[in-house]
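Worksheet: the structure to be examined is printed underneath.
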2 protein chains.
Amino acid sequence: MKGYLWTGGDPGSQKSLAPPQTGRLAPWEAIAVEAVGNVIEFWGFKRNQGRVWGLLYLRGEPLTAGEIERELDLSKGGVSMLLRDLEHWGVIQRVRVPQDTVWRYAAETDLVRMVTHVVEEREASFVTRIRADLSEARRLAEGAGGVPPEKLRRLERMAVLAEHVERALRLFIKTSRLDVGGVLGAFRDGALARKGER
Amino acid sequence: MKGYLWTGGDPGSQKSLAPPQTGRLAPWEAIAVEAVGNVIEFWGFKRNQGRVWGLLYLRGEPLTAGEIERELDLSKGGVSMLLRDLEHWGVIQRVRVPQDTVWRYAAETDLVRMVTHVVEEREASFVTRIRADLSEARRLAEGAGGVPPEKLRRLERMAVLAEHVERALRLFIKTSRLDVGGVLGAFRDGALARKGER
DNA sequence: GGTGCGGTTCACGCGGTCTTGAACTATATG
DNA sequence: CATATAGTTCAAGACCGCGTGAACCGCACC
């Protein structure tokens, strides 16, 4: 389950060094983190990737893998992999505190941009694949001979449909991007006074 | 209970190639059917639901459950359930051929409408859920006291983000609908004399 | 060197989803 | 009524993705 972080020492000797409270998440934190988890899962990523990002974002300050592991009740290995993915996608950042040796992780604020980016890529390749399949089918059908022309027409219509769906999708991604551009302004962290940036 | 008479179109097309030539799918059919399966799965439905619809659409004439079972190599029970779902969503139609006792199933042409509809429903309830969670978290956090105001602001920003995403989504669904409206015109079957009601 | 700890990798197992196949219902036919 | 065939339901099992936890790596400090 959890633990494994604790294996070495007795629980009593918690280093006062880092974590203020080793306790669980505050209820409101738990709810918010869970919400992010749901969203991210909905978009086709792993739920825990969302939870990790959510925690990092809510806390605002960089956390260590160990802290994340404890707060979200994940395994050491799991946290490692999740962090790797998130960093790879550029939605979290690995930071080093001056005279500390451990890595800490901080949330980038453009989660959304990353999501749209990855989704876009996924979508695009997927859609092209579909269209390729459909035209392949059409080629075969035409070459085969003996295929009633009205069936060919059906195939053709499917291809048209696919194209239209593709267009709608691209449009969505674009608008989502733009729409989110506005959000990022408000969303972007940093100076409290800074508003309406970009 | 449900179902309509198959006031079938031109008998000529029916007998030419239609007779239970129950071999395997033609290669081009297989490819096309598979493509539909992929699409539908991508949208969060079962792959086989897409394959069944695709087959029915390509064939253009109503097929029996047995034929579907054979062509797509599915189990009897599975076909039954798949057909039930598809019919329930209104993307296939149950038809009865005059002096025959078995049910046959024909593809409606508005697969896309159904997809956007179901997706819309799913999306909508999902998004509202998320927003409810976030405001709940915010309520709790405010009530708890001792929560740094800047954390409250983070929560708030997440809620804003959620709203924006929601807006983008609705927009997508709407445009997709419209976009597809055009498609349906071309997509709608003209080859067979079909009683289009709805 | 050795010990401790942060970090990574990966085989295994759990949990959830989809499919199967058999039991069962319903309906027609002689 | 017996028989056959279409259709439905559901428990059992195949399948697959994810997270776990142990083994492993590497660095720091003693």
Side-chain angles (χ1 to χ4, degrees), chain A residues 1-11 13-15 17-19 33-34 37-38 40-52 55 62-88 92-105 122, chain B residues 1-3 6 20 22 37-38 40-52 62-88 92-105 122:
Chain A
M1 241 194 280
K2 68 214 103 243
Y4 189 30
L5 219 223
W6 319 82
T7 49
D10 65 303
S13 74
Q14 254 348 284
K15 317 294 224 63
L17 215 188
V33 161
E34 231 47 54
N38 288 334
I40 227 60
E41 181 178 30
F42 182 81
W43 285 102
F45 301 88
K46 297 186 197 170
R47 155 183 216 82
N48 280 331
Q49 288 166 349
R51 299 211 308 146
V52 169
L55 178 67
L63 300 185
T64 67
E67 284 161 350
I68 295 169
E69 178 186 342
R70 219 175 304 121
E71 299 288 13
L72 298 185
D73 195 32
L74 294 170
S75 69
K76 191 181 172 185
V79 169
S80 174
M81 289 189 300
L82 293 172
L83 289 174
R84 177 158 50 72
D85 296 340
L86 291 175
E87 190 194 358
H88 177 245
I92 66 174
Q93 229 177 337
R94 209 181 254 238
V95 300
R96 188 81 89 167
V97 171
Q99 55 233 28
D100 204 343
T101 99
V102 302
W103 286 108
R104 286 164 192 278
Y105 301 85
R122 201 158 54 194
Chain B
M1 313 52 200
K2 351 221 207 131
W6 172 246
T22 55
N38 290 333
I40 227 56
E41 181 178 30
F42 182 82
W43 284 103
F45 302 87
K46 296 187 197 169
R47 154 183 216 82
N48 280 331
Q49 288 167 349
R51 299 210 308 146
V52 169
L63 300 186
T64 68
E67 285 162 350
I68 295 169
E69 179 186 339
R70 232 174 292 124
E71 299 288 15
L72 299 184
D73 195 32
L74 294 170
S75 69
K76 192 181 170 188
V79 169
S80 173
M81 291 190 298
L82 293 171
L83 288 174
R84 179 156 52 69
D85 296 341
L86 291 174
E87 190 195 357
H88 177 244
I92 66 173
Q93 233 178 333
R94 211 182 251 236
V95 300
R96 189 79 92 169
V97 171
Q99 74 268 33
D100 204 344
T101 115
V102 301
W103 285 110
R104 286 164 191 277
Y105 301 85
R122 200 159 54 195

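The chains referred to below are lettered A, B, ... by the order of the sequence lines, with proteins before strands, and numbering in each begins at 1.
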Open item on the list: Applying salt bridge (charged side-chain N to carboxylate O under 4.0 Å, His left out), can you list everything that pairs with B/Asp100, at least two apart in sequence or on another chain?
Closed with: B/Arg104

- [ ] Provide the closest heavy-atom pair for A/Tyr105 versus A/Leu83 in the form atom of the first, atom of the second, distance.
- [x] CE1-CD1, 3.5 Å

Open item on the list: Using whole Å, what does the distance between atom P of nucleotide C/dT19 and atom CG of B/Asp73 come to?
Closed with: 12 Å

Open item on the list: Using whole Å, what does the distance between atom P of nucleotide C/dT8 and atom CD of A/Glu69 come to?
Closed with: 12 Å

- [ ] If a protein heavy atom is under 4.0 Å from the base, mark B; if only from the sugar-phosphate, S; if neither, -; do that for nucleotides 3-13 of chain D going 5' to 3'.
- [x] ---SBBBB---

- [ ] Let me know the distance between CG of A/Leu86 and C1' of C/dT8, rounded to the nearest Å.
- [x] 16 Å

TODO: For B/Asp100 and C/dA28, give me the distance from atom CG to atom P, rounded to whole Å.
DONE: 12 Å

Open item on the list: Just N and O in the side chain of B/Asn48: are any of them under 4.0 Å from OP1 or OP2 of C/dT19?
Closed with: yes

- [ ] Nearest whole angstrom, please: distance from the C1' of C/dC18 to the CG of B/Asp85.
- [x] 12 Å

Open item on the list: Measure CD/A/Glu87 against C1'/C/dT8 and give the value in whole Å, please.
Closed with: 13 Å

Task: Residues that A/Arg47 engages under side-chain contact (heavy atoms from CB on, under 4.5 Å), provided they are two or more places apart - done: A/Glu34, A/Asn38, A/Glu41, A/Arg51

TODO: Using whole Å, report how far CZ of A/Phe45 lies from C1' of D/dC18.
DONE: 16 Å

TODO: State, with a plain yes or no, whether a side-chain heavy atom of A/Val52 is found less than 4.5 Å away from one of A/Leu74.
DONE: yes

- [ ] Name all pairs fulfilling the side chain to side chain donor-acceptor pair (under 3.5 Å) condition that reach into residues 75-86 of chain B, sequence neighbours left out, sorted by first residue then second.
- [x] B/Gln49-B/Asp85

Task: Listed partners of A/Gln93 passing side-chain hydrogen bond (donor to acceptor under 3.5 Å, both in side chains), at least two apart - done: none

Open item on the list: Between P on C/dC5 and CZ on A/Arg70, what's the gap in Å once rounded to a whole number?
Closed with: 13 Å

